[in-house]
Amino acid sequence: MRLLISFIFTLLCLCPAKSQETEAKEVLFKVFVKDNDGTRIDLTANENYESKITGFFSHKAKYILKGTNADRNISQHNDIFIEILDTVQLRPNFFRLMNLKVKKRNREMVCWSNSMVVGPKDHSKDFIPTVIYPVDGNIYRISIKDLTAGNYLIMYQEGLSILILFYDFDK
């Protein structure tokens, strides 16, 4: 009987914790850096990934990007910029800077976790707290000068909803 109650409780916990993935049919935001002369260099969204939800009583939503390095290394830059193209749907305070962990031949991150005891958490250990500074109109800046060498990613996550656009870079 106790096992049945535990199973039902787990199912109830899993239902509200389902990640809502939204694939962008149009570009809602862009990520870029600026050269020393002010030239804008756009980063491209990485479309080579897979998503997994692991665990049963305690589970996590993971995104796994193929390869051990990003296409773009921006180690010489101190800031990364976000241009919001759809200001109705997107708000700047929901952009996330995430740390990617290299495992085998891939890089992965945990977007959210859920357990029967604690409930859902939308900030994982891979989340790096940042301040997003307004620059001009719909352009915002995140300082990356204090980041150590590694793999990182910019994404949009509002609660457990994730906009599937991953801008990954190496520092």
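Side-chain atoms are counted along with the backbone in the values below, which use heavy atoms only and exclude waters and symmetry mates.
When the side chains of ILVMFWY residues are joined at heavy-atom separations under 4.5 Å, either directly or via intervening members, I64 and Y49 end up in two distinct hydrophobic clusters.
Here the CG atom belonging to L153 is positioned 5.0 Å from the CG atom belonging to L100, to the nearest 0.5 angstrom. Separation of atoms OG (S143) and CD1 (I132) is listed at 12.0 Å; rounding is to 0.5 Å.
Alongside F32, the hydrophobic cluster contains F81, V135, I139 (criterion: ILVMFWY side chains under 4.5 Å). Annotation for V88: hydrophobic cluster partners, listed by chain and number, are none (ILVMFWY side-chain heavy atoms under 4.5 Å, direct or chained).
The shortest distance between side-chain heavy atoms of I142 and Y140 does not fall below 4.5 Å. The shortest side-chain heavy-atom distance between T68 and N151 does not fall under the 4.5 Å cut-off. R96 has its side chain out of reach of I154: every pair of non-hydrogen atoms, C-beta onward, lies at least 4.5 Å apart. Counting heavy atoms from C-beta on, the side chains of I74 and I144 come closer than 4.5 Å. I80 has its side chain within reach of F169: a pair of non-hydrogen atoms, C-beta onward, lies under 4.5 Å apart. Contact annotation: the side chain of F29 approaches that of L90 to within less than 4.5 Å [non-hydrogen atoms, C-beta and beyond]. For the pair H77/K171, no side-chain contact is recorded, criterion being any heavy-atom separation below 4.5 Å from C-beta on. Residues D170 and Y152 form no side-chain contact, since every pair of their non-hydrogen atoms from C-beta on lies 4.5 Å or further apart.
A ring-centre distance under 6.0 Å is found for Y63 and F166.
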(request) Could you check K103 against E108 for salt bridge (Lys or Arg N to Asp or Glu O under 4.0 Å), going step by step and ending with a plain yes or no? (result) CA-CA 7 Å; K103 296 200 176 177; E108 66 180 50; 3.6 Å; yes
(message) Walk me through whether L65 and N106 qualify under side-chain contact (heavy atoms from CB on, under 4.5 Å).
(response) CA-CA 6 Å; L65 283 76; N106 299 313; over 6 Å; no
(request) Determine, step by step, whether L85 and K30 satisfy the side-chain contact (heavy atoms from CB on, under 4.5 Å) criterion, reporting the C-alpha distance in whole Å, the side-chain angles of both residues, the deciding distance to 0.1 Å, and the verdict. (result) CA-CA 8 Å; L85 302 175; K30 292 184 178 183; 4.0 Å; yes
(request) List the steps and the verdict of side-chain contact (heavy atoms from CB on, under 4.5 Å) for K101 and M109. (result) CA-CA 6 Å; K101 293 181 178 68; M109 67 173 171; over 6 Å; no
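The 12-atom threshold is exceeded at CG of D35, counting heavy atoms of other residues, nucleotides or ligands nearer than 6.0 Å. Taking a 6.0 Å sphere around CG of N36, one finds it holds 12 or fewer heavy atoms contributed by other residues, nucleotides or ligands.
Among residue pairs with one or both ends in residues 64-81, those qualifying as salt bridge (Lys or Arg N to Asp or Glu O under 4.0 Å) are E50-K66, D79-R141; sequence neighbours excluded.
Under 3.5 Å, the side chains of D168 and N46 contain a donor-acceptor pair of N or O atoms.
Distance alone, capped at 3.5 Å, is enough to place a donor-acceptor pair between the R107 side chain and the G67 backbone.
Partner F95 forms a side-chain contact (heavy atoms from CB on, under 4.5 Å) with one of T130, V31, I84 and no other, that one being I84.
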